[in-house]
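Here's the structure we're looking at; comments come further down.
Chain identifiers are assigned alphabetically (A, B, ...) following the order of the sequence lines, protein sequences preceding nucleic acid strands; residue numbering begins at 1 within each chain.
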Amino acid sequence: MNVFSAFKVIVESEIESLVTDGTLPVGTDGARVSVDPPRDASHGDLATNAAMVLAKPAGLKPRDLAESLAERLRAQDSVESVDVAGPGFINLRLSDEFWQKLLVEILVAGEAYGESDMGQGRPVNVEYVSANPTGPLHVGHARGAVVGDVLASLLAKAGFAVTREYYINDAGSQVDVLARSAYLRYREALGDDIGEIPEGLYPGDYLVPVGKALAERDGSKWQDLDEAEWLPEFRAFSVAAMMDLIRDDLGVLNIRHDEFSSERALVEAGGVDAVMQTLEAAGLIYEGVLEPPKGKLPDDWEERPQTLFRASDFGDDTDRPLKKSDGSWTYFASDLAYHQDKYRRGFSTLIDVWGADHGGYVKRVGAGVKALTGGEAEIDVKLCQMVRLLEDGEPAKMSKRSGNFVTLRDLADAVGKDVIRFIMLTRKNDAPLDFDLVKVREQSRDNPVFYVQYAHARTHSVARMAAEAFPDADFGIEALQNADLTRLTDSDELALIRLLAAWPRTVEGAAEAHEPHRLAFYLYDLAAAWAWICGKARGEPGLRFVVADDVDVTRARMALVLAVRAVVASGLSVMGVTPVDELRE
RNA sequence: GCGCCCGUAGCUCAGCUGGAUAGAGCAUCGGCCUUCUAAGCCGAAUGUCGCAGGUUCGAAUCCUGCCGGGCGCGCCA
């Protein structure tokens, strides 16, 4: 249960009552009413702006209306007190008993705590990575991969029916380059001296096994043929090989897509023709001449009529070409077809995760989606900014085994999957991210991966101590649900429960905003609150979780400890990070 | 020239879709190891939220215009 949305329902029903008894006019619109945690915990547990939002249209003074509403809210069971403050905030304080009982709910839910039916099973398509199938993934791809994957898990947790999708750009000229590069490696495997890899082809040694495999399978059958004869076969074979490579790379991060959509297959199935018909019928295509691009004018710019899509009717800056001069479709044309295809497969919420260098493309695709779906579908493009690899503050000098970039695999070998997954979420996607290979291995408070893992490990450590102190007691989840939770009376214990109770709200808010990084920040805050409680008992031994002569208070506190563990585990599981039970050198 | 993103403490960044006295970490200064991990905890200090207008009961948040930084602009993908 999300405490805040639960109380919003209560506030709304009390507003209804005020309409019924004539305090508020009929037709009062509660859309802007919200129930939030107050900024300052001393104000209470929940705050609502209802009176401030509703007073003006009703011709009332905010504080008067707040008093009327407060009076009604005081009658609620779990409400301890209600205050009206400032310009008309209504602050609610809930009873200790309410929070103590909430712990049971967390223990029962376990790792599933925070799941929500907000999405009501609505389908969402999250497309991420979609790197060109021309080589291994690099560090930049890793960020998009994690952001997309965790966003997908987050949406699933919030009750959406999520499809994780990878768009394979296997129709452009870059895959012809790939095929030619592979052909060279094929000849090399047959014993030809290929010398230096020519400019314009892919030099990476990851194509060596591809050439070798083709030589083993087909022998010299392609060796003396013209390019036109071998190109299609080499293209198909090497794209498949690259996709295997990419899937392996993603597997290192434990990322798996549900759908791999091939651009080539889409084009061959007539997807682009279909989308052109749709646009043609809607009168959104015309032959015209575009202004030359501003800034640096390309060397080979020539003004000529083109087939254009009226993107500017849908919020784009200019209309966009659909055909190249050789008559083939532009990338944009097949991308339109692809997004229409997603819509036709039943998705009206589309999320694309791209690198920031594609930023100039967002409006264009947005315009296309609007035009093709009559505004029925929404697309949200998450742009991921650069990842800067550092070593102790200096630009990293990692080995670069495959071409001139650091691969995802190099990074995973250096720091591991869990560190990559966590660190990639320690910034919002549209801010650049510094990834410090030294810092992420430090065991200190300014390394969030460690700090959160340490919190989880420490709950296990406490449980071991409790078991040692009371060998006959049962501190299992089920037994703890029946613990006497009224023994949890310390203000910091109750504050910790309140923070745990904010987890479902965090999940829903992050899912709504498509912002997976919020999970990492919440977990860090939770780890800090937990560390505080652990440290506090050092000064006040009576507050220890394990109290040697009092099994009942120990049991109550173990319920709190296991609830902390459940929420940390819940969060890490959405992030795809494996929680550790122990953390020692 | 145009578009997108960013600008918050000395540094790196959060800020819950417009709420109350703007928060963390690092760095600085000070305190805490006879028992649940000192790999840690606590306290102190630190701000014209880039600037100027506007909308609002209320703006770091929304709008407009500037300033500064990043990314991008083409029949590439």
Side-chain angles (χ1 to χ4, degrees), chain A residues 4 32 34 36-40 43 47 49 52-53 55-56 62 85-89 91 132 134 169 171-175 263 290 292-302 304 306-307 316-318 321-332 334-335 355-363 383 385-386 426-428 430-432 434 442-448 450-451 454 457-458 461-466 468-469 502 505-506 508-510 512-513 515 517-518 521-522 524-525 528 531-539 541 544-548 554 557 561 582-585:
Chain A
F4 301 93
R32 289 179 56 220
S34 66
D36 306 296
R39 185 185 292 282
D40 188 335
H43 290 137
N49 62 354
M52 292 179 290
V53 173
K56 198 175 188 183
F89 286 102
N91 293 323
N132 285 338
T134 55
N169 296 132
S173 55
Q174 82 283 2
V175 289
E263 180 187 4
L290 282 182
K294 301 288 197 274
K296 268 185 284 177
L297 195 65
D299 308 334
D300 54 351
W301 174 261
E302 52 170 336
R304 58 171 195 82
Q306 295 175 281
T307 306
D316 200 0
D317 307 315
T318 177
L322 297 168
K323 268 187 186 173
K324 303 184 201 171
S325 56
D326 65 3
S328 64
W329 300 114
T330 60
Y331 179 77
F332 178 54
S334 59
D335 217 16
D357 53 340
H358 291 66
Y361 212 71
V362 174
K363 281 191 178 182
L383 293 179
Q385 288 286 345
M386 298 276 294
T426 53
R427 291 285 175 271
K428 48 188 176 198
D430 47 16
D434 285 351
E442 273 173 16
Q443 302 199 321
S444 72
R445 186 168 179 171
D446 67 325
N447 175 7
F450 159 75
Y451 199 58
Y454 179 39
R458 209 167 175 183
S461 169
V462 171
R464 286 189 290 267
M465 300 306 288
E468 216 169 283
R505 174 185 158 87
T506 302
E508 290 184 351
E512 178 89 41
E515 291 188 348
H517 73 277
R518 290 191 197 178
F521 283 90
Y522 171 86
Y524 185 81
D525 286 347
W532 178 336
I533 275 220
C534 293
K536 194 179 176 187
R538 189 166 296 276
R544 288 175 176 283
F545 299 117
V546 181
V547 180
T554 301
R557 287 179 183 162
V561 169
E582 198 168 10
L583 204 56
R584 288 185 189 274
E585 295 209 308

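Residues forming a salt bridge (charged side-chain N to carboxylate O under 4.0 Å, His left out) with A:Lys428 (at least two apart in sequence, or on another chain): none. Partners of A:Arg518 under the salt bridge (charged side-chain N to carboxylate O under 4.0 Å, His left out) rule, at least two apart in sequence or in another chain, are A:Glu515. Shown here are the ring-ring contact (aromatic ring centres under 6.0 Å, His included) partners of A:His517, two or more places apart in sequence or in another chain: A:Phe521. Every residue two or more places apart in sequence or in another chain was checked for a ring-ring contact (aromatic ring centres under 6.0 Å, His included) with A:Phe89, and none qualifies. Partners of A:Arg505 under the salt bridge (charged side-chain N to carboxylate O under 4.0 Å, His left out) rule, at least two apart in sequence or in another chain, are A:Asp36. Residues passing the salt bridge (charged side-chain N to carboxylate O under 4.0 Å, His left out) test with A:Asp446 are A:Lys439, sequence neighbours excluded. Residues satisfying the ring-ring contact (aromatic ring centres under 6.0 Å, His included) test with A:Tyr331, not counting sequence neighbours, are none. In this structure A:Ala463 satisfies the side chain to side chain contact (heavy atoms under 4.5 Å, CB included) test together with A:Met558, A:Arg565, sequence neighbours excluded.
Only the P atoms considered, B:A59 is 31 Å distant from B:C2, to the nearest whole Å. B:C66 and B:G43 have their C1' atoms separated by 43 Å, with the value rounded to a whole Å. Here the separation of B:A27 from B:A22, taken at their P atoms, is 26 Å to the nearest Å. Using atom P as the reference point in both B:G7 and B:A14, the two lie 8 Å apart (nearest Å). Spacing between B:C62 and B:U17 at atom C1', rounded to whole Å, works out to 11 Å. A gap of 9 Å separates the P atoms of B:A60 and B:A20, to the nearest Å. Comparing the P positions of B:U61 and B:C16 gives a spacing of 12 Å, expressed to the nearest Å. Taking the P atom of each, B:C63 and B:G3 are spaced 14 Å apart, rounded to whole Å.
For the pair A:Lys323 and A:Trp329, the distance from NZ or CZ to the six-membered ring centre is under 6.0 Å and the angle to the ring normal is within 45 degrees.
Under a 3.5 Å cut-off, the side chain of A:Thr330 and the backbone N or O of A:Pro321 do form a donor-acceptor pair. Judged purely by atom type and a 3.5 angstrom limit, A:Asp316 has no side-chain atom pairing as donor or acceptor with the backbone of A:Lys363.
Contact annotation for A:Ala55: no contact, since no heavy-atom pair falls under 4.0 Å across all strands. Across all strands, A:Ala537 comes closer than 4.0 Å to base atoms (heavy-atom distances). Using a 4.0 Å heavy-atom distance criterion, A:Ala171 is classed as making no nucleic acid contact. Within 4.0 Å of A:Asp525, counting heavy atoms only, lies no atom of the nucleic acid at all. Nucleic acid contact class of A:Val462 (heavy atoms, under 4.0 Å, all strands): base. Residue contacts shown for A:Pro87 include a base, since a base heavy atom lies under 4.0 Å away. Residue-level contact check: A:Ser328 touches neither bases nor backbone, having no heavy atom under 4.0 Å from any strand. Among the atoms of the strands shown, none is found under 4.0 Å from any heavy atom of A:Ala510.
Where A:Phe89 and A:Pro541 meet RNA chain B, the nucleotide closest to each residue was compared, and A:Phe89 sits on the side nearer the 5' end. Comparing A:Ser444 and A:His43 by the nucleotide of RNA chain B whose heavy atom lies nearest to each, the residue mapping closer to the 5' end is A:His43.
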Pairs under 3.5 angstrom, nitrogen or oxygen only, protein versus nucleotides 28-32 of chain B, please.
none

Atom pairs under 3.5 Å, N or O on each side, protein against nucleotides 67-72 of chain B: can you list them with distances?
unit_1 : atom_1 : unit_2   : atom_2 : d
B:C71  : O2'    : A:Ala356 : O      : 3.3

Dump every N/O contact between nucleotides 15-18 of chain B and the protein below 3.5 Å, one line per pair.
unit_1 : atom_1 : unit_2   : atom_2 : d
B:G15  : OP1    : A:His517 : NE2    : 3.1
B:C16  : O2     : A:Arg505 : NE     : 3.4
B:C16  : O2     : A:Arg505 : NH2    : 3.1

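By the stacking rule of 5.5 Å between ring centres and under 30° between planes, A:Phe521 does not stack on the base of B:A14.
Inter-residue side-chain proximity for A:Val462 and A:Arg557 is flagged as unmet; no heavy-atom pair is nearer than 4.5 Å.
Dashed line: the shortest gap from a side-chain N or O of A:Thr318 to OP1 or OP2 of B:C2 is not under 4.0 Å.
With distances taken from any side-chain atom of A:Arg544 to the nucleotides B:C36, B:G19, B:C26, the minimum falls on B:C36. Listed candidates were B:U21, B:C26, B:A77. Nearest to the side chain of A:Asn169 is B:A77. The listed nucleotides are B:G3, B:C36, B:C76; the one nearest the side chain of A:Thr330 is B:C76. Between B:G25, B:A20, B:A77, one nucleotide has an atom nearer to the side chain of A:Tyr524 than all others, and that is B:G25. Each of B:C41, B:C36, B:A20 was ranked by its minimum atom distance to the side chain of A:Arg445; first place goes to B:C41. Among the nucleotides B:G19, B:C36, B:G40, the one closest to any side-chain atom of A:Met52 is B:G19.
In this structure, B:C33 shows a glycosidic angle within 90 degrees of zero, which is the syn conformation. Annotated as anti: B:U35, whose O4'-C1'-N torsion sits more than 90° from 0.
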*May I have the step-by-step check of side-chain contact (heavy atoms from CB on, under 4.5 Å) for A:Thr426 and A:Tyr524, ending in yes or no?*
CA-CA 10 Å; A:Thr426 53; A:Tyr524 185 81; over 6 Å; no
*Please assess A:Asn132 against A:Asn169 for the test side-chain contact (heavy atoms from CB on, under 4.5 Å), listing each intermediate value before the final yes or no.*
CA-CA 6 Å; A:Asn132 285 338; A:Asn169 296 132; 3.3 Å; yes
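Secondary-structure stems of RNA chain B, taken as three or more successive Watson-Crick or G-U wobble pairs (i with j, i+1 with j-1) under a 3.5 Å distance threshold, comprise B:1-7 with B:67-73, B:10-13 with B:23-26, B:28-32 with B:40-44, B:50-54 with B:62-66.
With no hydrogens or angles considered, a side-chain donor-acceptor pair links A:Glu263 and A:Ser334 at under 3.5 Å.
The nearest pair of heavy atoms linking A:Tyr451 to A:Ala531 is OH-CB, 3.4 Å.
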